[in-house]
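The structure appears right after this line, and notes come after that.
Numbers restart at 1 for each chain; the letters A, B, ... are given by sequence-line order, proteins then strands.
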Number of protein chains: 2
Amino acid sequence: MEASKPDTATRILDVSERLFVEHGFEGTSLRMITQQAEVNLAAVNYHFGSKDALFESVFMRRLAPLVAACLAELDRLEAKQEAAVVEDLVMAFIRPCLALSRDPSKGGALFVRLLSRTLVENHRLLRETISQQYSVFVHRFAKAFKEVLPWLGEEELAWRMHLAFGIMFNAFAGNDVLKIFVRSQVVTARDPDMIVKHLLPFVVAGLVAPAQG
Amino acid sequence: MEASKPDTATRILDVSERLFVEHGFEGTSLRMITQQAEVNLAAVNYHFGSKDALFESVFMRRLAPLVAACLAELDRLEAKQEAAVVEDLVMAFIRPCLALSRDPSKGGALFVRLLSRTLVENHRLLRETISQQYSVFVHRFAKAFKEVLPWLGEEELAWRMHLAFGIMFNAFAGNDVLKIFVRSQVVTARDPDMIVKHLLPFVVAGLVAPAQG
DNA sequence: AAGCGTTTCAAACTTACGTTTTAATTTGAT
DNA sequence: ATCAAATTAAAACGTAAGTTTGAAACGCTT
């Protein structure tokens, strides 16, 4: 009669991902999680140890594959004959995000939202655990961008990447600041292809813009 | 011996602003606030009624002047003889943000961070109270951008504004996604003038980019 | 079927939260 | 100086949080 549910730990991860996105870490209680996951309250501490550890599991389940996919895209570009252009590098990040957004079994677009939430909430997890582990992500992109935008200085390039990745993350996370002031039509209909269509020209133009005198 | 402190309500507002930014709404307790503000626990409920109402007071103390300043910039542009260019409109938003960032008595850059936090936390306050009240902010900017970027369609323009304001808010809020992966030099030294120097060319280039076929 | 490690369950524990209450204190006008 | 109002103070209230506990139920090998 009923589709066989995933096991307890997976159900907890799935529900937690959604709730952490909706209500944040502090705003999500273990009782909300275990109730919606239809598991016992103690199951979280049994399987993950603590609420903190649960959050880390939720986060890492998505981050590791996403980073790996981006690095694979960069590998693919380096292997090609022709030199990469800015658009290629931007797509090397966007494509994995898109794949994530389109696959509900991978949490759909939830993780990018979780990531942006985690970012502004400034978790210990980000400050301590991850920074070191995935620094290769930034270094690879930085190296690639440096080759494609050779006329930009070190500092200028760092800023461009900061701005470009910021805008890309926000686009996929659906963080619309204007919705503060008015019901926005842009974000409510969040079709991944639409995001790319409008995001790509914007971010590429910003990256290749001449530096300020 | 001691500089005369501001009154109780103001001390609560100042401390709350900082703590709400650092720990979020749910993550900030009234006991943290009252302890750091050196006031009695009951003072919050006495002066503001509830934690929710306190948050609204904290938020509105900054938002109202910021919006007013932006609208004044737009008024100034309309009063001028020459037609405005994209850069003028961008600066019409950036200038008040800069003023906010430079004046510690106005909370410095704290409010933009609070705003971005409140955004991802998706507060009732934003969904219900503010949307209606400050819709003029978006409409005025939309009208101005439409005149400056006449070749963009309705939908395209909405996306450009979404992306542009997103990136500007994030730049001032200091939300650096790359810091997830590596200790970023960009944001740690957050000089307002540096922000403008690097932000302005990027966002202007993105706004005026040719639309995707 | 028995035994054993793993998982689930209901219940309780400790702590911290937002809020309320009631009394003490300060303030300001007469 | 006095009195009423406004403010501060200390304590307690009820609720909900994360975590822990010990027994019951389950799954698997023998």
message: Does any part of the side chain of A:R62, heavy atoms only, come nearer than 4.5 Å to the side chain of A:L66, both counted from C-beta?
response: no
- request: Please collect all ring-ring contact (aromatic ring centres under 6.0 Å, His included) contacts where either partner lies in residues 101-135 of chain B, sequence neighbours excluded, each pair once.
  value: B:F25-B:H123, B:F55-B:H123, B:F59-B:F111
task: Indicate yes or no: at least one non-hydrogen side-chain atom of B:V148 is less than 4.5 angstrom from one of B:E87.
output: no
query: Atom CD of A:Q35 to atom C1' of C:dA10: distance rounded to whole Å?
result: 15 Å
message: Expressed as a whole number of angstroms, how long is the span from A:I33:CD1 to D:dG18:P?
response: 8 Å
- prompt: Of all residues at least two apart in sequence or in a different chain, which pass the side chain to side chain donor-acceptor pair (under 3.5 Å) check with A:S116?
  reply: A:N175
query: Hey, can you pull the residues of residues 11-18 of chain B with a non-hydrogen atom under 4.0 angstrom from DNA chain D?
result: none
query: Under 4.0 Å: is that the gap between some side-chain N or O of A:T8 and OP1 or OP2 of C:dT7?
result: no
- line: Axis-to-axis angle across the helix from C:dA1-D:dT30 to C:dT30-D:dA1, five pairs each end, nearest 10 degrees, ~ 10°
Do any N or O atoms of the protein come closer than 3.5 Å to N or O atoms of nucleotides 15-18 of chain C, and which pairs are they?
{"residue": "C:dC17", "atom": "OP1", "partner": "B:S29", "partner atom": "OG", "Å": "3.1"}
{"residue": "C:dG18", "atom": "OP1", "partner": "B:T28", "partner atom": "O", "Å": "3.4"}
{"residue": "C:dG18", "atom": "OP1", "partner": "B:K51", "partner atom": "NZ", "Å": "2.7"}
{"residue": "C:dG18", "atom": "OP2", "partner": "B:L30", "partner atom": "N", "Å": "2.7"}
{"residue": "C:dG18", "atom": "N7", "partner": "B:R31", "partner atom": "NH1", "Å": "2.8"}
{"residue": "C:dG18", "atom": "O6", "partner": "B:R31", "partner atom": "NH2", "Å": "2.9"}

task: Compare all side-chain heavy atoms of B:F169 with those of A:N170 and state whether any distance is below 4.5 angstrom.
output: no
I'd like a table of atom pairs between the protein and nucleotides 24-27 of chain C - only N or O on both sides, under 3.5 Å - with the distance next to each one.
none

task: Kindly write out the residues that satisfy salt bridge (charged side-chain N to carboxylate O under 4.0 Å, His left out) with A:R31, not counting sequence neighbours, or none if the list is empty.
output: none
query: Side-chain N or O of B:H47 less than 4.0 angstrom from OP1 or OP2 on D:dA6?
result: no
- prompt: Looking only at atom types and distance, does a side-chain atom of A:K51 sit under 3.5 Å from a main-chain N or O of A:T28, one as donor and one as acceptor?
  reply: yes
Partner residues of A:Q133 under the side chain to side chain donor-acceptor pair (under 3.5 Å) criterion, sequence neighbours left out: none
task: To the nearest 0.5 angstrom, please state how far the CZ atom of A:F141 sits from the CG atom of A:L89.
output: 7.0 Å
query: Can you tell me how far P of D:dT19 sits from CZ of A:F48, to the nearest Å?
result: 13 Å
query: Does any N or O in the side chain of A:R18 come within less than 3.5 Å of the main-chain N or O of A:L110, such that one atom is a donor and the other an acceptor?
result: no
- line: Atom CG of A:N40 and atom P of C:dC9 are separated, to the nearest Å, by 6 Å
- prompt: Is the shortest heavy-atom distance from the side chain of B:R117 to the side chain of A:E121 under 4.5 Å?
  reply: yes
- line: For A:D14, the salt bridge (charged side-chain N to carboxylate O under 4.0 Å, His left out) test, sequence neighbours excluded, returns A:R61
message: Could you measure the distance from the OG1 atom of B:T118 to the CG atom of B:L63? Nearest 0.5 Å is fine.
response: 10.0 Å
query: With the sugar-phosphate defined as primed atoms, P, OP1 and OP2, and the base as all remaining atoms, what B/S/- string results for nucleotides 21-27 of chain D, 5' to 3', for protein heavy atoms under 4.0 Å?
result: B------
message: Tell me the interatomic distance from A:D52, atom CG, to D:dT19, atom C1', rounded to whole angstroms.
response: 12 Å
- request: Grab the OH-P distance between A:Y46 and C:dG5 for me, whole Å please.
  value: 13 Å
message: Going by salt bridge (charged side-chain N to carboxylate O under 4.0 Å, His left out), name the residues that satisfy it together with B:D7, two or more places apart in sequence or in a different chain.
response: none
- line: Residues passing the salt bridge (charged side-chain N to carboxylate O under 4.0 Å, His left out) test with B:R140, sequence neighbours excluded, are B:D75, B:E78
Min side-chain heavy-atom separation B:E155-A:H198 under 4.5 Å: yes
